[in-house]
Amino acid sequence: GQNIDQPTEMTATEGAIVQINCTYQTSGFNGLFWYQQHAGEAPTFLSYNVLDGLEEKGRFSSFLSRSKGYSYLLLKELQMKDSASYLCAVRDGQAGTALIFGKGTTLSVSS
Amino acid sequence: DSGVTQTPKHLITATGQRVTLRCSPRSGDLSVYWYQQSLDQGLQFLIQYYNGEERAKGNILERFSAQQFPDLHSELNLSSLELGDSALYFCASSVRGLDYGYTFGSGTRLTVV
């Protein structure tokens, strides 16, 4: 089976940097994904890691350590529009190519 | 527009009833995934189809079933509905081997009263 943990809520201010952590346990790891979801809307893809290390994409970066079962999403220069839920998901070979999601971290950005 | 189309957007029905949710994947995508999202459970994987065949099952109840048709659209059938089935149901599609995760439709909000 799979187990994915991430904090339930985080708060930050505009212009700041925030790091959202995710730990996972899975029997057949085949990639880790981060999605952003605004309330009532569909999740949208942010990043993908399959090898250890940091992937940078504009204001967003994602890090993976497979040996520790750990990932984080780093958001820089926070904007009000970044207020959303951030979902960590792993692809487990035992679930086909399906992504298994954590419960998400709700980020509130204030001015 | 993500290219994944889900209908209807909203559905209100009574307990004990049966409903069908429809999903059309992005052009060229062979895999379709169904997810249920409720406030307390997060995004739960239900079932995956690939090119018409069931590929993987998640936490799908026996009252729920799905299929993928030759034109690759998929339907999720929910029967004997209970209040607890009220949730957002998302469909997503992907191309095999493309490591971008996948693309979600805008969802169907089901309310069971």
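- In this structure B/Tyr49 satisfies the side chain to side chain donor-acceptor pair (under 3.5 Å) test with no other residue, sequence neighbours excluded.
- Taking CG from B/Leu43 and CD from A/Gln37, the interatomic distance works out to 6.5 Å, rounded to the nearest 0.5 Å.
- Taking the six-membered ring where the residue is Trp, the centroids of A/Phe101 and B/Phe45 are separated by 6.0 Å or more.
- Every residue two or more places apart in sequence or in another chain that forms a salt bridge (Lys or Arg N to Asp or Glu O under 4.0 Å) with A/Asp52 is listed here: A/Arg66.
- In this structure, B/Ile12 places its CD1 atom where only 12 or fewer heavy-atom neighbours from other residues, nucleotides or ligands lie under 6.0 Å away.
- The number of heavy-atom neighbours closer than 6.0 Å to CD of A/Glu77, taken from other residues, nucleotides and ligands shown, is 12 or below.
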Are A/Leu99 and B/Tyr33 close enough, and set up right, to give a side chain to side chain contact (heavy atoms under 4.5 Å, CB included), and what steps lead you there? CA-CA 9 Å; A/Leu99 297 187; B/Tyr33 309 80; over 6 Å; no
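- Linking Ile, Leu, Val, Met, Phe, Trp and Tyr whenever their side-chain heavy atoms come within less than 4.5 Å puts A/Leu107 and A/Ile4 in one cluster.
- With a 4.5 Å cut-off on non-hydrogen atoms, B/Gln44 does not touch chain A at all.
- Taking the six-membered ring for Trp and thresholds of 30 and 60 degrees, B/Tyr102 and A/Tyr35 have ring planes inclined between 30 and 60 degrees apart.
- Around the CG atom of B/Leu83, the shell of radius 6.0 Å holds more than 12 heavy atoms that belong to other residues, nucleotides or ligands.
- Interface check for chain B: of the options A/Ser47, A/Pro43, A/Gly40, A/Gly31, the most heavy-atom pairs under 4.5 Å are formed by A/Pro43.
- A/Ala42 approaches B/Gly105 most closely through the heavy-atom pair CB-O, 3.0 Å.
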